Amino acid sequence: MKESLFKIYDEMGISRTLADRADEVLDALKDRFAVIDETAEYNQLKVLKAMQEARVSEGCLHGTTGYGYNDAGRDTLEEVYAGVFHTEDALVRPQITCGTHALALALMSNLRPGDELLCPAGKPYDTLDEVIGIRPSAGSLAEYGITYRQVDLKPDGSFDLEGISSAINERTKMVEIQRSRGYATRPTLSVERIGELISFIKGIRSDIICMVDNCYGEFVQTVEPSDVGADMTVGSLIKNPGGGLSPIGGYIVGTRKCIENASYRLTSPGLGKEVGASLHVLPNMYQGLFLAPTVTASALKTAIFASYMLESLGVEVSPAASETRYDIIQEAIMRDPAKLIAFCKGIQAAAPVDSYVTPEPWDMPGYDDQVIMAAGAFVSGSSIELSADGPLRDPYSVYFQGGITWPHGKFGILRACQELLKV
Ligand SMILES: *Cc1c(COP(=O)(O)O)cnc(C)c1O
């Protein structure tokens with residue numbers, strides 16, 4: 001590292017010893033980072049190609065108000081998403097408020113009373129418990145007479161194919177597969193494995209709708225679940241595909257029929273995709289998608305760098321440093337509340353926004369244990385920006401993700417490691 005870099009790291013609270021260690025770690029990561037850059041290059045061209053083919057023009061960046069009839073920018077953006085994901089259609093809207101909303105919309109619009117939903121790869125993301133009615137909730141699928149079945153992964157992480165085939169019955173209308181591990185301990189599924197699972201299910205009954213929760217997975221590989229047979233692929237724009245710029249929104253890409261159903265539920269039967277003003281968010285949604293491949297690469301480098309740095313400090317990490325990544329989430333098992341808190345303080349101190357505040361554990365609604373969160377993001381709650389959180393309970397794991405530029409991700413991890421060394 002150059003002396004001028006050491007100097008500014010020193011001014012920002014990073015010791016020479018830690019900066020030297022970072023140099024060593026990065027030397028050994030050159031080949032892995034080259035692969036990430038190559039994936040980003042491919043995905044950058046994929047996005048560019050979709051934008052050019054959809055003839056994105058300056059006029060597309062102007063929004064509409066009111067009903068939003070004839071919102072060419074909105075319609076073209078949806079065409080771009082369909083182009084990137086290679087699907088018949090797409091629904092990409094600021095009116096989809098978050099990832100959970102996008103997932104709920106995909107489920108509720110395509111299931112009818114008497115249908116059954118199957119999760120063939122274990123329990124879905126926590127916030128879907130109340131959507132599905134796993135935890136009783138007003139307005140859940142269960143309340144509408146839509147039943148739920150789940151087949152867990154086998155202890156070795158493989159699909160329980162026998163269990164899945166016996167769970168499928170004449171009422172099984174849809175399966176939901178979560179790509180990312182989220183905040184669970186199971187491994188993240190590669191797009192290839194998702195493809196194998198979809199083929200297996202379609203082999204039993206080809207009319208079962210296969211839906212994938214793609215949160216945190218977009219642009220990590222050169223293929224997406226929609227390339228391997230998913231009928232609906234769903235995610236949040238304040239994660240990977242928003243590129244850190246989208247201030248709100250969610251997407252569903254998939255078959256014409258599934259998207260039509262989703263649009264009728266998002267707005268109203270009969271109106272569908274024809275209404276929904278884009279207001280002033282289109283420039284950020286377009287530019288965010290344009291940046292998303294390299295932003296995701298930065299987040300991926302940050303996660304891998306963090307795992308090596310932490311392992312070198314004797315902290316157990318999951319996925320392990322050397323493991324191949326299929327999403328951007330990293331878990332570090334601190335086994336000590338003081339270390340969990342110190343790590344989060346370091347991430348906060350490295351943020352561009354609210355760097356001077358100190359995160360404290362608090363009693364978050366809906367959680368039994370106190371939770372500590374570190375985020376100093378331009379977009380509130382954005383988890384493609386560098387952020388960390390963890391519940392104050394054994395084994396005191398911190399989950400972190402994001403980093404919209406690699407130099408910031410690197411600095412954030414070093415700052416967090418520096419705090420850890422003080423414990
Ligand atoms: C973030 C996430 C969600 C939910 O998204 P929100 O925007 O927080 O509602 C769903 N599934 C997975 C795997 C996620 O990572």
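What's counted below: heavy atoms across the whole structure, side chains too, no hydrogens, waters or symmetry copies. Note that ligands are numbered from 1 as they come in the structure, with each ligand's atoms numbered from 1 the same way. Note that the coordinates shown come from a computational prediction; the quantities given were computed from them, not determined experimentally.
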Asker: Check Lys257 with Glu88, please: is the shortest side-chain N to carboxylate O separation under 4.0 Å?
Answerer: no

Asker: Write out the protein residues near ligand 1, meaning a non-hydrogen atom under 4.0 Å from one of its atoms, in order of chain and number.
Answerer: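 Under the 4.0 Å cut-off, ligand 1 touches Cys98, Gly99, Thr100, Leu103, Tyr125, Gln178, Asp213, Cys215, Tyr216, Lys239.
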
Asker: Assess whether a salt bridge exists between Arg179 and Glu224, defined as any Lys/Arg side-chain N lying under 4.0 Å from an Asp/Glu carboxylate O.
Answerer: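 Salt bridge: yes.
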
Asker: What residue pairs, at least two apart or across chains, pass side chain to side chain donor-acceptor pair (under 3.5 Å) with a residue in residues 341-365?
Answerer: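 Every pair satisfying side chain to side chain donor-acceptor pair (under 3.5 Å) with a residue in residues 341-365: there are none.
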
Asker: Please determine whether a side-chain nitrogen of the Lys or Arg among Arg205 and Glu170 lies less than 4.0 Å from a carboxylate oxygen of the Asp or Glu.
Answerer: no

Asker: Starting from the C-alpha separation in whole Å, work towards a yes-or-no answer on ring-ring contact (aromatic ring centres under 6.0 Å, His included) for Phe400 and Phe343.
Answerer: CA-CA 10 Å; Phe400 55 97; Phe343 187 89; 5.0 Å; yes

Asker: With a distance cut-off below 6.0 Å to the six-membered ring centre and an angular limit of 45° from the axis, does Arg193 pair with Phe159 as a cation-pi contact?
Answerer: yes

